[in-house]
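Just below is one structure, and these are the notes that go with it.
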Amino acid sequence: MIDIAVHDVTKEYELGQPVLDGLSFQVDTGERVGILGRNGAGKTTLFRILTGQEEADSGSVTIAPGKRLGLISQIPVYPGGYRVEDVLRTAFDELKAMEAEIHSLSDKLAQGDRELLARYDRLQTAFETGGGYETEMRLEKVCTGLGLERSFRDQLFADLSGGEKTRVNLARLILMDTEILLLDEPTNHLDLNATVWLEDYIRHYKGTVLVISHDRYFLDRTIARVVELKDGRAEFYSGNYSFYAIEKERRYLEQLRRYKKEQAEIQRLSDTARMMHEHNTEHLNKRAFSIEKRIAKLEQTARPTQERKMKAHFNQAEFRADDLLSITDLEKSFGQRTLFSDVTLRVDDGERIALLGDNGTGKSTLLKILLGEEAQDGGKVKQGLTVKTGYLPQQIHFAHPERSLFDTMLYEANCTPQQARDRLGRFLFQGEDVFKPVSVLSGGEQSRLRLCMLMDEQVNLLILDEPTNHLDLDAREWMEGAVEDYGGTLLFVSHDRYFIDRFATRIWTLENGKISDFKGDYTAYQAMRERQKTLAPPPKKEEKPKKEKPKRSGGTKQLKKELAAAEKRMEKLDQLLEGLEGQKEAAASDYQKLQELLEQEGAYTQEYDALMETWETLSTAIQAEENP
């Protein structure tokens, strides 16, 4: 059954420059489809047309009758005074209306009216099927998964930031249990834990999902088909993001091969026709004209094009920094709430540090304190005298958004006119685009402009706050290449797991007002966190842990049998872990396969650690039995 049918849709905002130009595709019930394309390709415009927020200039859009469709970025207007809790509970409005009618009818059933009784039964069935008796459980489950704490749910919805409203609206749509879910960059405002929860929710979701996202891990775990918007039309790929990336390159190379082969044949025929004309005989002229007609009738493959890529790199300071950054007993509170305290850390030259933590824990505040933009309540931050810092904030702001891109570079980046043109061109701002006011730029374009201003600064400490937010996939790949080439010290906040996995060599985790410091990459960090979940809290220092004799039936013989079984399984796990090392090396360029292997490694390691504890307990018990 078809849930969404888009046929020959066109939409243009500027005369002669269509965003969508004959777009056609369909989505079947239960499909998970990724809508991909560069910034400005028309992805969000398509979603707005699907939800009726905008009308297509021509063509048709058909949604399966009776199917409810929800879009995260389409945030309703609520009455003044609505708290987050009130907004979330609007998801149950239909169920509340049913419940009210059920109570009303129950008072009249004694009259024996068969129609009332039938209506009561239908409502009761619909209420139960719709989860009317499970609303509280569902509400708590979704809020826990998306990190909407009780104190947050008591806040006024109108006072929230745009990102917070988007997160609340995502929770509301999930609670409504719509049959068709449209997700427009859903992970931009979610922390790592909430993103993982959303992935799991979508995998078990029974409806249809269309998702716009630049999060490659998220796409690989949630979609099974790609519709790419290119030049206003659709190109189709039957697979997840990893398949799409490989297949897109294969198609480009295949088209390029056909094009070159055809051009070589055309050149050969043209040269032959030219030589025949040069002999200037009636017979050869006729043959030449025949060849030229043949050339004209050839169906020529269009020359494949690849999108222009940005070519800039971070301009690194030539000198190294001594005593780069040290933090001593740092603390910060807002009102009665302590964001963090007793933070003591040191950053050495050349380190690449990821600062992780749930939304609202204070990551951006910590960065601002390190930059001197926010005052701490206690403690010290010390930078070396030779430290030159470059900073990309999460929320991009410009002092004069009414200025053009060109003027912004002239006045705020201290460029000459030619330098401004050259630098903007490297960031794909060309032609008349450079005279647009900054205020009309999209989020991704504003990030590119801020990066354009940052890249030529001589820095040896680069601080990035959610650097890949709002960037399309091509821009993310460029950003990763630029960071790869940068040889200075890097400190970044990100929830893009691919970015973290690629660059972090040290991880700070901000939770419960403290920062834990892990020296290692993201893979090792994840394995460590998994092991922590299986370990009991350590005993207090003044207490000496005592291993009690396990109460088991079967005596020493049974204990030894269980010990042998544990040893045999541990030996098998050793072999499996050793085998994974070779598989990880072979899958080094396939990050999806690599991630699966790492998850498998984490599971084996977790099981091994648990067996080790069992082995120690059994060994102690056997000694106690044999030496009472």
In sequence, state the C-alpha distance, the side-chain angles, and the governing distance for D215 and T195, and then conclude on side-chain hydrogen bond (donor to acceptor under 3.5 Å, both in side chains).
CA-CA 10 Å; D215 185 328; T195 299; 5.4 Å; no
Look at the side chain of [X] and the backbone N and O of [Y], then say whether any donor-acceptor pair between them is shorter than 3.5 Å.
X	Y	result
E140	M137	no
R68	G66	no
R172	A91	no
D342	E331	no
R138	L175	yes
S104	A100	no
N240	A224	no
R476	T468	yes
E149	F152	no
R531	Q526	no

Ignoring hydrogens and angles, state whether a donor on the side chain of [X] or [Y] is under 3.5 Å from an acceptor on the partner side chain.
X	Y	value
T505	D521	no
S341	K514	yes
Q53	T51	yes

Would you call [X]-[Y] a salt bridge at under 4.0 Å N-O?
X	Y	result
D86	R83	yes
E445	K436	no
K363	E466	no
D348	R346	yes
D200	R221	no
K11	E55	no

I need the [X] [atom1] to [Y] [atom2] distance, nearest 0.5 Å.
X	Y	atom1	atom2	result
E511	T361	CD	OG1	8.5 Å
H214	L36	NE2	CG	7.5 Å
I327	L345	CD1	CG	5.0 Å
S447	Q394	OG	CD	10.0 Å
I353	L355	CD1	CG	9.0 Å
D191	S494	CG	OG	12.0 Å

Less than 4.5 Å apart, side chain to side chain, heavy atoms only: is that true for [X] and [Y]?
X	Y	result
V483	F499	yes
Y217	D501	yes
E85	L139	yes
L50	V61	yes
K380	L330	no
L210	L181	no
K43	R48	no
E164	F157	no

With K332 as the cation and F334 as the aromatic partner, state whether NZ or CZ is under 6.0 Å from the six-membered ring centre and within 45° of the axis.
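Here K332 passes the 6.0 Å and 45° test against F334.
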So, is the end of the R216 side chain (NZ or CZ) under 6.0 Å from the ring centre of Y498 and within 45° of the ring's axis?
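Positive - R216 is close enough to the ring of Y498 and near enough to its axis.
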Is [X] atom [atom1] crowded by more than 12 heavy atoms from other residues, nucleotides or ligands, each under 6.0 Å away?
X	atom1	value
K165	NZ	yes
E94	CD	no
E412	CD	yes
K67	NZ	yes

Distance-only donor-acceptor hits, side chain of residues 126-135, under 3.5 Å, sequence neighbours excluded:
from: T129; atom 1: OG1; to: T125; atom 2: O; distance (Å): 2.8
from: Y133; atom 1: OH; to: Q124; atom 2: NE2; distance (Å): 2.5

What verdict does the side-chain contact (heavy atoms from CB on, under 4.5 Å) test give for E31 and V209, after you've listed the backbone C-alpha separation in whole Å, the side-chain angles of each residue and the deciding distance to 0.1 Å?
CA-CA 6 Å; E31 276 198 293; V209 178; over 6 Å; no
Consider side-chain contact (heavy atoms from CB on, under 4.5 Å). Of N193, T222, L170, which one does L198 pass it with?
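Going through N193, T222, L170 one by one, the side-chain contact (heavy atoms from CB on, under 4.5 Å) with L198 is satisfied by L170 alone.
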Show your reasoning for whether salt bridge (Lys or Arg N to Asp or Glu O under 4.0 Å) applies to E136 and R89.
CA-CA 10 Å; E136 294 303 317; R89 289 187 179 275; 2.8 Å; yes
Given side-chain contact (heavy atoms from CB on, under 4.5 Å), test Y525 with R529 step by step and report yes or no.
CA-CA 6 Å; Y525 169 79; R529 298 281 283 192; 3.5 Å; yes
